[in-house]
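Throughout, a chain's letter reflects where its sequence line sits, starting with A, and its residues are numbered from 1.
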2 protein chains.
Amino acid sequence: MVSQTEENYLKALFHLTCESEHKIEAGTNELAVYLEVKPATVNDMLKKLKEKKFVSYEKYGKITLTKKGKSIAVEIVRKHRLWETFLYETMNFTWDEVHEVAEQLEHIKSQKLVEQLEKFLGFPEIDPHGDPIPNAEGEIKKIVRKSLFEISIGAVCKLVSVKDGSVAFLQYVGKLGMGLNCKIKVISRQEFDGSMEIEVNSQRFTVSQKFANNLFVV
Amino acid sequence: MVSQTEENYLKALFHLTCESEHKIEAGTNELAVYLEVKPATVNDMLKKLKEKKFVSYEKYGKITLTKKGKSIAVEIVRKHRLWETFLYETMNFTWDEVHEVAEQLEHIKSQKLVEQLEKFLGFPEIDPHGDPIPNAEGEIKKIVRKSLFEISIGAVCKLVSVKDGSVAFLQYVGKLGMGLNCKIKVISRQEFDGSMEIEVNSQRFTVSQKFANNLFVV
DNA sequence: TTAAAAAGTTAGATAAACCTAACAAATATA
DNA sequence: TATATTTGTTAGGTTTATCTAACTTTTTAA
Ligand SMILES: [Mn+2]
Ligand SMILES: [Mn+2]
Ligand SMILES: [Mn+2]
Ligand SMILES: [Mn+2]
């Protein structure tokens with residue numbers, strides 16, 4: 001049996017390693033920050049996860065998921081994103097509301113429910129934030145994408161996903177009239193602080209570098 | 001905050017008292033049997049529930065839900081039955097499969113989700129077992145019904161709900177070709193052990209008194 | 001190359017939900 | 001009514017997931 005807490009640790013490790021480019025391992029403190037617990041707590045849990053062969057790590061070393069650990073993590077991510085899609089498509093939730101409830105729903109144990117849910121939703125490939133939904137075999141479609149900040153002046157691109165999933169950020173994006181698949185034209189960029197002027201739906205906004213870094217486009 | 005465990009205790013008390021006729025209070029051992037824990041465990045929890053004003057009880061006395069405790073319990077029962085309906089109607093679950101998963105789903109905390117789910121399902125009034133679904137105000141439609149055992153010979157009645165919700169019982173009922181709203185004709189009854197001969201879909205079966213007591217009809 | 005900073009670990013504590021074993025009160029029955 | 005049975009309580013213990021405070025190892029940088 002895998003506890004809810006263990007599932008959350010494995011999912012966090014997946015996000016911090018497998019899912020991020022340029023990084024294949026994580027540290028104790030890093031995980032602690034991510035999960036909002038103290039390093040000592042992570043350390044205890046790591047011993048248990050190692051015992052269960054879900055992670056490989058040695059004292060003072062770095063942490064990576066084993067094949068077994070990764071497959072559990074992917075299943076949780078799959079459930080999380082399917083539930084987010086369900087909440088968004090079927091239950092009239094907005095894209096900033098889905099995450100919190102999906103955090104609970106992802107721990108529901110029922111193989112059949114996940115399969116039926118996926119079927120009911122028509123085998124969606126991305127969730128409401130543009131993130132890929134792993135299939136029943138745990139395979140994840142790789143999405144080629146750049147951050148909005150990397151787009152050159154004058155170019156027009158399409159929003160395909162968001163990096164930050166916080167309620168504040170998502171509501172901000174929505175308030176600017178932006179959503180997945182919306183067209184964004186880059187008007188200008190400030191050398192000084194990296195802020196950019198963009199045009200969306202014939203409206204112009206100035207956004208920070210931090211903001212632009214959190215939007216993925218093609 | 002009400003923990004998942006506390007919710008289960010309140011729901012159990014609701015089933016054992018408010019929802020059952022002829023009984024308005026419960027005892028420690030009774031609750032322990034129902035929840036499959038030891039009496040000592042119930043005793044500890046009772047102190048906490050009393051502290052939180054969810055139950056009223058004195059040492060060596062009987063337990064009843066307070067208004068506050070009952071309203072939490074009804075909300076859990078509401079969620080349980082809405083989820084069972086969802087699993088049955090939308091996710092292609094059979095009536096013997098829904099309960100186990102609904103036991104998990106009933107603890108999901110999201111007012112909006114419950115309301116949207118109810119709306120999506122078309123404000124159902126009964127769950128897949130024929131039990132009434134409380135509305136958003138916590139009101140429960142009283143269903144007038146008798147057990148099949150009380151029906152007189154020769155009479156025809158309609159199955160409206162099942163008492164026992166165990167997988168074995170529900171599968172047995174289903175295997176006999178019976179389901180909610182099916183017509184049952186009482187052919188004969190044995191004085192000796194109370195077993196009955198019944199006719200369903202032009203087929204005759206002999207069923208035990210225990211079996212007949214677990215079917216509610218009108 | 002060594003001292004300071006950062007990262008990671010350990011020991012010991014707490015709270016929730018459970019247990020066993022022993023005990024006490026209430027109820028049933030001889 | 002006295003005793004046996006049932007019902008309920010208490011004390012003390014376990015496990016899981018968390019914490020703080022002190023300590024150790026590794027890394028960075030003067
Ligand atoms: Mn999410
Ligand atoms: Mn998402
Ligand atoms: Mn049920
Ligand atoms: Mn039911």
Side-chain angles (χ1 to χ4, degrees), chain A residues 1-13 15-17 20 22-65 69 72-73 76 103-104 106-107 109, chain B residues 1-13 15-17 20 22-65 69 72-73 76 103-104 106-107 109:
Chain A
M1 250 300 96
V2 186
S3 77
Q4 203 154 305
T5 308
E6 287 166 358
E7 288 184 345
N8 284 333
Y9 277 80
L10 296 177
K11 184 170 61 123
L13 279 169
H15 290 319
L16 291 173
T17 63
S20 98
H22 331 298
K23 213 141 90 25
I24 50 155
E25 47 183 31
T28 307
N29 286 7
E30 193 188 355
L31 237 192
V33 168
Y34 190 91
L35 290 166
E36 300 181 88
V37 295
K38 297 290 176 254
T41 308
V42 170
N43 200 269
D44 283 348
M45 181 57 80
L46 245 28
K47 287 173 190 159
K48 207 207 297 185
L49 294 176
K50 189 190 171 176
E51 186 60 40
K52 291 192 171 185
K53 305 263 170 66
F54 294 156
V55 301
S56 85
Y57 113 108
E58 298 304 324
K59 211 164 144 176
Y60 292 107
K62 291 295 176 184
I63 315 153
T64 51
L65 285 171
I72 295 170
I76 303 298
E103 284 293 310
Q104 301 175 59
E106 72 192 3
H107 302 291
K109 282 171 176 62
Chain B
M1 252 296 100
V2 185
S3 77
Q4 204 154 303
T5 308
E6 287 166 357
E7 288 184 346
N8 284 333
Y9 276 80
L10 296 177
K11 184 169 61 121
L13 280 168
H15 289 318
L16 291 174
T17 62
S20 98
H22 332 297
K23 213 140 90 22
I24 51 155
E25 48 183 30
T28 306
N29 286 7
E30 193 188 354
L31 236 192
V33 168
Y34 190 91
L35 290 165
E36 299 182 270
V37 295
K38 296 290 176 251
T41 306
V42 170
N43 201 268
D44 283 349
M45 182 55 81
L46 245 27
K47 285 173 190 159
K48 208 208 297 184
L49 294 176
K50 188 189 171 176
E51 187 58 41
K52 291 192 171 185
K53 304 263 171 66
F54 294 155
V55 301
S56 87
Y57 114 107
E58 298 304 324
K59 212 165 144 176
Y60 292 107
K62 289 296 177 184
I63 315 153
T64 51
L65 286 171
I72 295 170
I76 304 299
E103 284 293 310
Q104 302 175 58
E106 72 191 3
H107 301 291
K109 282 173 177 62

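- Neither OP1 nor OP2 of C/dA21 sits under 4.0 Å from any side-chain N or O of B/K38.
- As rounded to whole Å, 11 Å separates atom P of C/dT9 from atom CD of A/E58.
- At least one side-chain heavy atom of A/E58 sits under 4.5 Å from a side-chain heavy atom of A/K50.
- Paired with A/M45 under the rule side chain to side chain contact (heavy atoms under 4.5 Å, CB included), one option of A/T28, A/L35, A/N8, A/T5 passes, and it is A/T5.
- In this structure, B/I63 atom CD1 and D/dG8 atom C1' are separated by 10 Å, rounded to whole Å.
- Here the P atom of nucleotide C/dC23 and the CG atom of B/N43 are 17 Å apart, to the nearest Å.
- Considering only side-chain N and O atoms, B/K47 lies under 4.0 angstrom from the phosphate OP1 or OP2 of D/dT10.
- Using a 4.0 Å cut-off, some side-chain N or O of B/T41 falls inside it from OP1 or OP2 of C/dC19.
- Rounded to whole angstrom, the span from the OH atom of A/Y9 across to the P atom of D/dT16 amounts to 14 Å.
- Between the CE atom of B/M45 and the P atom of C/dA16 there is a distance of 9 Å, rounded to whole Å.
- For the pair A/D44 CG and D/dC19 C1', the interatomic distance rounds to 10 Å; values are reported in whole Å.
- Atom-to-atom, OH of B/Y60 to P of D/dT7 comes out at 14 Å; the value is rounded to the nearest Å.
- A 4.5 Å side-chain heavy-atom check between B/V42 and B/Y9 finds at least one atom pair inside the cut-off.
- Residues A/I76 and A/L10 are not in side-chain contact: their nearest non-hydrogen atoms beyond the backbone lie 4.5 Å or more apart.
- When the side-chain nitrogen and oxygen atoms of B/N29 are compared with OP1 and OP2 of D/dG8, one or more of them lie within a distance under 4.0 Å.
- Proximity of A/Y57 to the phosphate of C/dT9: a side-chain N or O atom is located under 4.0 Å from OP1 or OP2.
- Distances shorter than 4.0 Å separate some side-chain N or O of A/K62 from OP1 or OP2 on C/dG8.
- Distance CG (A/L35) to C1' (D/dC19): 15 Å, rounded to an integer number of Å.
- B/K11 places a side-chain heavy atom less than 4.5 Å from the side chain of B/E103.
- The phosphate of C/dT9 (OP1 or OP2) has a side-chain N or O of A/T28 nearer than 4.0 angstrom.
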